[in-house]
Amino acid sequence: HAADNPYERGPAPTTSSIEAARGPYAVSQTSVSSLLVTGFGGGTIYYPTTTGDGTFGAVAISPGFTAYESSISWLGPRLASQGFVVFTIDTLTTLDQPDSRGRQLLAALDYLTQRSSVRGRVDSSRLGVMGHSMGGGGSLEAAKSRPALQAAIPLTPWNTDKTWPELRTPTLVIGADGDTIAPVATHSEPFYSSLPSGLDRAYLELNGATHFTPNSSNTTIAKYSISWLKRFIDNDTRYEQFLCPLPRPSATIEEYRGNCPHTG
Ligand code: 9J3
Ligand code: ZN
């Protein structure tokens with residue numbers, strides 16, 4: 001109920017509403033040229049068109065090694081239509097490593113909240129990060145250096161740093177059972193296991209999936225990402241039902257680990 005939670009946005013969710021290709025908000029978008037920003041490579045901001053619902057939480061999303069914004073762009077309208085401002089970015093070079101991608105995600109959030117044309121629509125205290133592969137590794141780096149971030153979702157993340165006990169940000173790690181580039185045994189699983197045990201954390205292993213599954217529209221990635229962002233960026237406990245009790249293995253879920261109930 002909005003009277004209890006000033007950050008709640010949109011109608012009460014259902015399984016169909018979080019699985020749908022689009023949520024309840026009409027979405028607009030604006031392009032940010034790399035020539036006009038510093039610290040990252042520009043991108044596209046997707047945002048709810050309405051100005052009648054107050055400010056929204058926001059998330060910046062980085063692509064992986066050698067990849068462009070286009071490789072993660074499906075998440076822009078998918079998440080924004082649920083009531084977030086979403087900034088899908090390009091990196092300074094496509095070869096940037098995870099630590100650099102982490103700094104670039106933070107530069108993008110700073111641009112979004114302080115300089116962008118939609119800054120008035122963003123609640124600068126409710127921010128999150130996502131990314132694919134080295135961009136997912138970057139989302140862990142960003143959360144490590146900025147503990148005020150409210151949610152992190154690394155997607156088939158890759159990083160040489162295997163341990164993340166420093167994080168204070170609720171983190172959902174999404175791995176793929178068939179990933180041979182960032183195998184879950186040496187990336188997603190140790191990343192998840194090394195998070196503090198008292199932190200709100202989860203590990204979703206996609207079934208029948210590869211390193212590149214996060215590069216196209218995927219309902220399982222979308223529904224749990226929406227739920228995690230709503231639960232921790234918006235403090236919206238209406239979404240707790242999709243996260244706790246822990247999802248059971250299914251045609252699309254190889255494994256799911258996490259703490260329940262959530263504490264944050
Ligand atoms: O961003 C990624 O896809 C990282 C996987 C990779 O190619 O690492 C090799 C150095
Ligand atoms: Zn570490």
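Ligands are counted one by one from 1 in listed order, and the atoms in each one are counted from 1 as well.
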* Under 2.8 Å from the Zn ion (ligand 2), is there an N/O/S atom belonging to Glu166? ->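 So Glu166 does not bind the Zn ion (ligand 2) by this criterion.
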* Asked: the Zn ion (ligand 2) to Ser194: any N/O/S contact under 2.8 Å?
  ->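 No N, O or S atom of Ser194 is closer than 2.8 Å to the Zn ion (ligand 2), so no.
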* Asked: Can the positive tip of Arg201 be found less than 6.0 Å from the middle of the six-membered ring of Tyr192, inside 45° of the ring normal?
  ->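 The answer is yes; both the distance and angle limits are met.
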* Asked: Honestly, is Lys230 close enough over Phe84, meaning NZ or CZ under 6.0 Å from the six-membered ring centre and within 45° of the axis?
  ->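 Satisfied, under 6.0 Å and within 45°.
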* Check: Thr30 and Tyr47 side chains under 4.5 Å, non-hydrogen atoms ->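 The answer is yes, as the side chains (C-beta and beyond) meet within the 4.5 Å cut-off.
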* Name the residues in contact with ligand 1, where contact means a heavy atom under 4.0 Å away: which are they? ->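 Lining ligand 1: Gly64, Phe65, Ser133, Met134, Trp158, Ile181, His211.
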* **Near-ring test Phe232/Trp228, centroid separation under 6.0 angstrom** =>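 Yes, close enough.
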* Classify the side-chain pair Tyr203/Glu205 by whether it contains a donor and acceptor separated by less than 3.5 Å. =>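 A donor-acceptor contact under 3.5 Å links the two side chains.
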* For the residue pair Thr93 and Asp96, confirm or rule out a side-chain donor-acceptor distance under 3.5 Å. =>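 Yes, side-chain donor-acceptor contact under 3.5 Å.
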* Metal-centred angle, the Zn ion (ligand 2) as apex - O of Thr163, OD1 of Asp161, 10° resolution ->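 Taking the Zn ion (ligand 2) as the apex, I get 90° for this pair.
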* **Where at least one partner belongs to residues 14-37, residue pairs that pass salt bridge (Lys or Arg N to Asp or Glu O under 4.0 Å), sequence neighbours excluded** =>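 For residues 14-37, and leaving out neighbouring residues, the salt bridge (Lys or Arg N to Asp or Glu O under 4.0 Å) pairs sorted by first residue read Glu19-Lys223.
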